[in-house]
Structures are given as structure tokens and as C-alpha cells.
Amino acid sequence: MIPFNRPPVTGNELPYIEEALGQGKLSGDGPFTERCQRWFERQLGCERAFMTPSCTHALEMAALLIDVKPGDEIIMPSYTFVSTANAFVLRGARIVFVDVRPDTMNIDETLIEPAITEKTRAIVPVHYAGVGCDMDVIMELANRHGLYVIEDAAQGMMAEYHGRPLGAIGHMGTFSFHETKNYTSGGEGGLLSINDASFVKRAEIIREKGTNRSQFFRGMVDKYSWVGMGSSYLPSELQAAYLWGQLNCAEQIRDNRLAIWARYHQAFKSLIASGTVDGPILPEATAHNAHMYYLKVRDLEERTALIDHLKQAGVMAVFHYVPLHSSPFGQTVGRFHGEERYTIRESERLVRLPIWYGMPEEEQERVIQSLLSFFD
Ligand SMILES: *Cc1c(COP(=O)(O)O)cnc(C)c1O
């Protein structure tokens, strides 16, 4: 069976993990975490980058940082992972879902403004498949209405919008290093990028269990104490060491995925041209990172048949999010604003094909042939 995903392994991870084992410190914010964070600050051009145990935790930190209060409204697409919403629901917020664009599956930027009320605090665009949302429009209307923008860039590392890294455009950005993402810190991990400097000091405190321990270690205070609300949002040095083994070849990983993506796209060109399926669409402003290769078939029924057919041929293909507003819990914590035209219909058509760093050519060829044979 060709799996849908294999966690990225470059071969550089073990030596760094051994180095971490020898350094006499394994808890958070050691030398490897520092190295990774400085790398991200350069790469993203952000004010500060904080590694976290997951993207879920980075989103929770963002919700704490903007001080979400019960009853506040947060605007986001319904076509996303539960964590995008949960982080704000945990603080008592109401979620206002807005429809997606059928071309990118990203939030439709033209539908955000009508969903804004006096309770709206933030917009959370999700860069689906590492393809950027229309951030110029989103930032302009957020500034005009005094709203925060937190980019869920879980899938967006090393991708760009108008030449700017995803996750570095809004007030904050969140990334995932889960094993299904382009880069992993050993299975689980995340990052919070802070682009608005005014959040840095509180972010350090929230991340360090509500203490000013970071200031203490820098010699800025002579003892550390409990100064605010917080939790434990530091990953272990072993996770940072694993990730460091990937950041060294971040471009190589991205370029390898882009080559696999391009090969799929070439192979399915005539299926797309004949209208048999729809392929992924990349707006001109975006430079993606090949996080995902998906096709859209006619409807749910055809998708089920295709996934079955691929399974018979030994190929594991998967679908994606069940829209949050249609889930039992989603209905109790949020509402859908405006007409729901595309979210359910387009999500039911979408099928994701296996793609991972180092995927052998013959496995890719088998995926291609099995898919083509379904439509023959
Ligand atoms: C993967 C993902 C998350 C969650 O990431 P974790 O690191 O597993 O917490 C959140 N949002 C989106 C859009 C994701 O794809």
C-alpha cells in the first residue's frame, strides 16, 4: 500500500538529537530551540518566533494574547481543522464562519466585511494547502475595522503571498510541525510568529506558565515570579533538534515536494482540460510550498468510488475537513454568515493524493496510473 503520507526524514536528525542528549539540558528554550527560532525569525522576517508543542497551542497562545472575552466573535472559514476554532472557543468566543472561494478553498475575502459586527475581534484566514489567502484585502479591512489578523499558516511554511512569507503578514501567524506537514519536529510541534512587537513581552510570559522566567534568564530581573495568566507552551529540546535537521535543508524539502506536485499536475493536465476533474488553482500573487496535491471530482459519490478504486490499486488517498459549521459541536459555538454556497459542495468533491518528501518516482507513477485508470 502506498501511504498517504510519510513523516519527513532527511537523515540529519539523529546527530542533532545525539548532540541534544549530550548538552545537559533537554527542557524547553535550550540551544536547539534558540537556533530554530532565530532561523524562523530570519526566514519569516517576523519580530519574534516562539516554538510551541503544536500549532493548536500556538493558536491558543494567540487567543490569549489578543485577550478574547466571552461573546467576542472570530471570523474564519468553516473548511478548516478544529483547532482553528477551538483555540477561541476555549476563551468563550463565538465563531462566525464565512464561505470559501471554490478556486483555492481559502476564505472568500469579499464575504468577510458583511460578517463583521461590533463584537468582532479577529479574522483567522487559513492558508489551505500552503496557497496564500488574499492578504492585501484582509489586512486592509482589518485595519479599517480595528481587528486582529491571526494567520493559520499550519500548512504554509516556506510559501509566499506577493513575495512575503505566509504567517508573517497578519499580527501573528501559527505553524504546525505535525508529521503530516512539510516539516516536522519529530511528530508533533508548532510555532507562533509574532509580527506586532507589542505582543512579544506577554507572549514570553504566557508561554512560561505565567512567569517572567525568560526575563530572569536574560538577567533583567533578579528572581522570577508569577506575573500573569499562562500555560506550558515549550517543546522539548529533542523536538527542536529533530526540526533543526530539517531546517538545514528546508529548500531541498520544498523543491522536492514541488517537483512531485508538478509531475502530478502534468499527468492530470488533460483530465483537467477536458473538465473531467478540477485541479488546484494557484493565484498569481501566491508561491505555494506543495503541501498538498488535490483534485476535485464531480461529487461525493464519485469521490467515494475513486477512493475505493485507488485503495484496490494499493493507493491510500484521503479527503479532508468535514466543514465545522456542519459538525454537532460547531453548530453550538458558531454561526455561518451569509449564503453557504461552496464550503460543503466543494469539500465533498476534494480528494488528496499521496505526497511526501522523498516519495519514490515509481510510487508516484503508480498513483498516476491508478487514478487515470478510474476515468478510462
Ligand atoms: C495541522 C493543522 C492544524 C493543527 O496543527 P497541530 O500542530 O497538529 O496542532 C491547525 N490548522 C490547520 C489548518 C492545520 O492544517
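No experiment lies behind these values; they were computed from the predicted model shown.
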For the pair R303 and R298, evaluate side-chain contact (heavy atoms from CB on, under 4.5 Å) and give the outcome as yes or no after the intermediate values. CA-CA 8 Å; R303 181 177 74 181; R298 198 176 52 233; over 6 Å; no

So Y233 and E208, side chain to side chain donor-acceptor pair (under 3.5 Å) or not? Walk me through it. CA-CA 7 Å; Y233 291 126; E208 273 282 17; over 6 Å; no

Does E348 form a salt bridge (charged side-chain N to carboxylate O under 4.0 Å, His left out) with K296? I'd like the steps, not just the answer. CA-CA 8 Å; E348 288 180 346; K296 285 183 187 168; over 6 Å; no

Would N182 and R254 satisfy side-chain contact (heavy atoms from CB on, under 4.5 Å), going step by step from the backbone distance to the final call? CA-CA 7 Å; N182 290 20; R254 181 193 54 194; 5.6 Å; no

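A ring-centre distance under 6.0 Å is not found for F177 and Y183. For F97 and H337, the distance between ring centers is not under 6.0 angstrom. Taking the centre of each ring, F175 and F50 stay at or above the 6.0 Å mark.
With salt bridges taken as basic N to acidic carboxylate O contacts below 4.0 Å, none links E340 and R345. Using a cut-off of 4.0 Å between Lys/Arg side-chain N and Asp/Glu carboxylate O, R6 and E363 are scored as not salt-bridged.
Sorted by first and then second residue, the salt bridge (Lys or Arg N to Asp or Glu O under 4.0 Å) pairs involving residues 129-143 (not counting sequence neighbours) are E140-R144.
Side chains of Q239 and E188: a donor-acceptor N/O pair is absent below 3.5 angstrom, by distance only.
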Expected list for residues 312-324: side-chain donor-acceptor pairs under 3.5 angstrom, two or more places apart:
from : atom 1 : to   : atom 2 : distance (Å)
H320 : ND1    : Y128 : OH     : 2.8
H320 : NE2    : R352 : NH1    : 3.2
Y321 : OH     : Q155 : NE2    : 2.9

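When the ring pair (Phe, Tyr, Trp, His ring centres under 6.0 Å) test is applied to H162, no partner is found at least two apart in sequence or on another chain.
Judged purely by atom type and a 3.5 angstrom limit, E237 has no side-chain atom pairing as donor or acceptor with the backbone of D29.
The shortest side-chain heavy-atom distance between L371 and L310 falls under the 4.5 Å cut-off.
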